[in-house]
Amino acid sequence: MKNLLVIVCLILLISPTVLSMPTYYENEIPIIPSTKQFSVGVAFLSYEKFTVQTERQYFIYEGRILGKYIPNKSVELGFQIPYLIMSDANDYGALGDIKIFSKFVLYTDLLYFIDTIYFNNSLVINISLASGLKKEDSYRNIGLDKGLYYPISAGYSDIDIGVNSGFVLTYFSFFISAIFVSSSSKIEPPLAFDTKNDYFKLGITSEIFVLTQRNFSLKLFSELLSIIPISDESKYINSNMLGFGIWTKIVDSLIIKAGYYYNVNPKVISEKYIGSALSTSLEYRF
């Protein structure tokens, strides 16, 4: 009975962070709640970018509708529908790349070493649909220069395949993920042999449980996500995004999260470069 209580408490402390992350900075974690549930939410994000010629700063703002369904303790399914607006441009915005994501638990275990450790390992398969603006259609005038929605909106489908692992202790959790992204283009379908547009995402996520009560929980989190392109033609350039933020849960139904992400790599003159991002989200569980 004591062991069962420990497992229940650990799982109640965890919430998948995938819904509240920007697609670009998304770190996957392997935990799936043990109870069947459906949730919906909204997220608001801003991405710092720079114009093509003069490197003038501008922002892309994103509003996102979220949905997630957990049919059992081993499967998680969800979607994201983004809408993008560019600052300083005479533009009414555009639909971004809709994303469908899934997660499947491969292995779980409860270990005892100094503290009780809940270990979990999962398979991740995500699909980005070709619903957004293509690169050649995403340029907008900003003064005498141009900004663009790419690569936040690519207009071609991507497939993410990878694994994530991690463990949860009484007051701390730690997760790692390794994702391969097969990014398509005008002349290349997803999962084609030509990998010049593809890249890897390597992520580390840590959480500290500050407060856990029956009707209120509070966590602090930090993340590091490394983007490793396969070639100069890859969708993203080399990036190391360092993020931190706060997560709260109210009465096991309302999830609020806010985070800030900063690219520690030096700014380069590139239309693919993203300097920083802010993310806030609100999720309601049924």
Side-chain angles (χ1 to χ4, degrees), residues 16-31 45 47 49 76 78 80 82 96-107 120-130 132 135 150-166 174-206 221-244 259 261-268 270-277 279:
T17 60
V18 64
L19 281 181
S20 51
M21 287 292 146
T23 300
Y24 177 42
Y25 312 106
E26 182 177 288
N27 272 359
E28 305 280 1
I29 70 171
I31 303 297
L45 309 102
Y47 305 88
K49 295 197 67 185
E76 177 182 298
Q80 301 173 351
D97 297 321
I98 297 172
K99 188 167 187 177
I100 300 171
F101 60 85
S102 60
K103 190 187 323 181
F104 307 91
V105 171
L106 300 177
Y107 177 77
N120 201 297
N121 179 261
S122 297
L123 170 69
V124 174
I125 302 176
N126 302 328
I127 300 175
S128 293
L129 305 180
K135 179 181 177 180
Y150 182 84
I152 298 170
S153 173
Y156 295 101
S157 56
D158 295 348
I159 297 179
D160 306 2
I161 301 175
V163 294
N164 48 50
S165 300
F174 181 82
F175 308 102
I176 60 174
S177 63
I179 310 293
F180 171 72
V181 182
S182 178
S183 185
S184 61
S185 66
K186 183 184 298 185
I187 59 175
E188 179 197 2
L191 292 179
F193 181 75
D194 187 356
T195 60
K196 63 183 179 181
N197 296 311
D198 304 340
Y199 59 96
F200 291 93
K201 297 193 299 184
L202 305 178
I204 299 174
T205 301
S206 62
F221 67 87
S222 61
E223 297 195 314
L224 176 64
L225 177 65
S226 293
I227 301 291
I228 304 174
I230 290 181
S231 76
D232 292 338
E233 297 184 41
S234 294
K235 185 176 179 179
Y236 290 104
I237 60 173
N238 277 302
S239 297
N240 287 287
M241 305 303 303
L242 181 63
F244 58 90
Y261 305 85
Y262 178 73
N263 192 346
V264 299
N265 282 31
K267 184 172 66 173
V268 296
S270 172
E271 55 196 15
K272 301 178 183 179
Y273 183 81
I274 298 175
S276 63
S279 171

> Check whether the side chains of S128 and D97 place a donor and an acceptor atom closer than 3.5 Å, and report yes or no.
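Judged by distance alone, the side chains do not pair up.
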> Can you find a heavy atom in the side chain of V181 that is under 4.5 Å from one in the side chain of K235?
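Not in contact.
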> Keeping K49 on the side-chain end and Y150 on the backbone end, is there a donor-acceptor pair under 3.5 Å?
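Yes, the answer is positive, given that a donor and an acceptor are paired below the 3.5 Å cut-off.
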> Okay, side chain of S231, backbone of K196: is any donor-acceptor separation there less than 3.5 Å?
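Pair found, side chain donor or acceptor close to backbone of K196.
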> Between I227 and N238, is the side chain to side chain contact (heavy atoms under 4.5 Å, CB included) condition met? List the steps.
CA-CA 5 Å; I227 301 291; N238 277 302; over 6 Å; no
> Looking at residues at least two apart in the chain, or sitting in another chain, which of them share a side chain to side chain donor-acceptor pair (under 3.5 Å) with S102?
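Per chain and number, S102 pairs via side chain to side chain donor-acceptor pair (under 3.5 Å) with no residue.
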> Excluding sequence neighbours, so at least two apart, what forms side chain to side chain donor-acceptor pair (under 3.5 Å) with N265?
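With sequence neighbours excluded, N265 shows a side chain to side chain donor-acceptor pair (under 3.5 Å) to N240, given in chain and number order.
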> Of all the heavy-atom pairs spanning G243 and Y261, show the shortest one and how long it is.
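Closest pair (atom of G243, atom of Y261, distance): CA-CD2, 3.5 Å.
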> Considering all heavy atoms of both residues, which atom of A130 and which atom of S157 are nearest to each other, and what is their separation?
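Looking at all heavy atoms of both residues, the shortest contact is CB-N, 3.9 Å.
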> What's the verdict on salt bridge (Lys or Arg N to Asp or Glu O under 4.0 Å) for K99 and D160, showing C-alpha distance, side-chain angles and the deciding distance?
CA-CA 10 Å; K99 188 167 187 177; D160 306 2; 3.4 Å; yes
> Please walk me through it: do K135 and E271 pass salt bridge (Lys or Arg N to Asp or Glu O under 4.0 Å)?
CA-CA 10 Å; K135 179 181 177 180; E271 55 196 15; 2.4 Å; yes
> Ignoring hydrogens and geometry, is there a side-chain-to-backbone donor-acceptor pair from K267 to Y273 under 3.5 Å?
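Not at all, since once roles are kept as given, no pair shorter than 3.5 Å links the two residues.
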> Tell me every residue that passes side chain to side chain contact (heavy atoms under 4.5 Å, CB included) with F200, counting only those two or more places apart in sequence or in another chain.
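Partners of F200 under the side chain to side chain contact (heavy atoms under 4.5 Å, CB included) test: F180, I228, I230.
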> Quick check against the 3.5 Å criterion: does N263 have a side-chain atom that pairs as donor or acceptor with the backbone of I274?
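Yes, the answer is positive, given that a donor and an acceptor are paired below the 3.5 Å cut-off.
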> Which residues satisfy the ring-ring contact (aromatic ring centres under 6.0 Å, His included) test with Y199, sequence neighbours excluded?
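Residues passing ring-ring contact (aromatic ring centres under 6.0 Å, His included) with Y199: Y236.
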> Which heavy atom of E233 sits nearest to which heavy atom of N197, and what is that distance?
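Heavy atoms only, the tightest pair is O-OD1, 3.1 Å.
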> Between V268 and I237, does a side chain to side chain contact (heavy atoms under 4.5 Å, CB included) hold up when you go through it step by step?
CA-CA 10 Å; V268 296; I237 60 173; 3.6 Å; yes
> Give a yes or no on whether the backbone of S183 and the side-chain of D198 come within a donor-acceptor separation of less than 3.5 Å.
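Checked: pair present.
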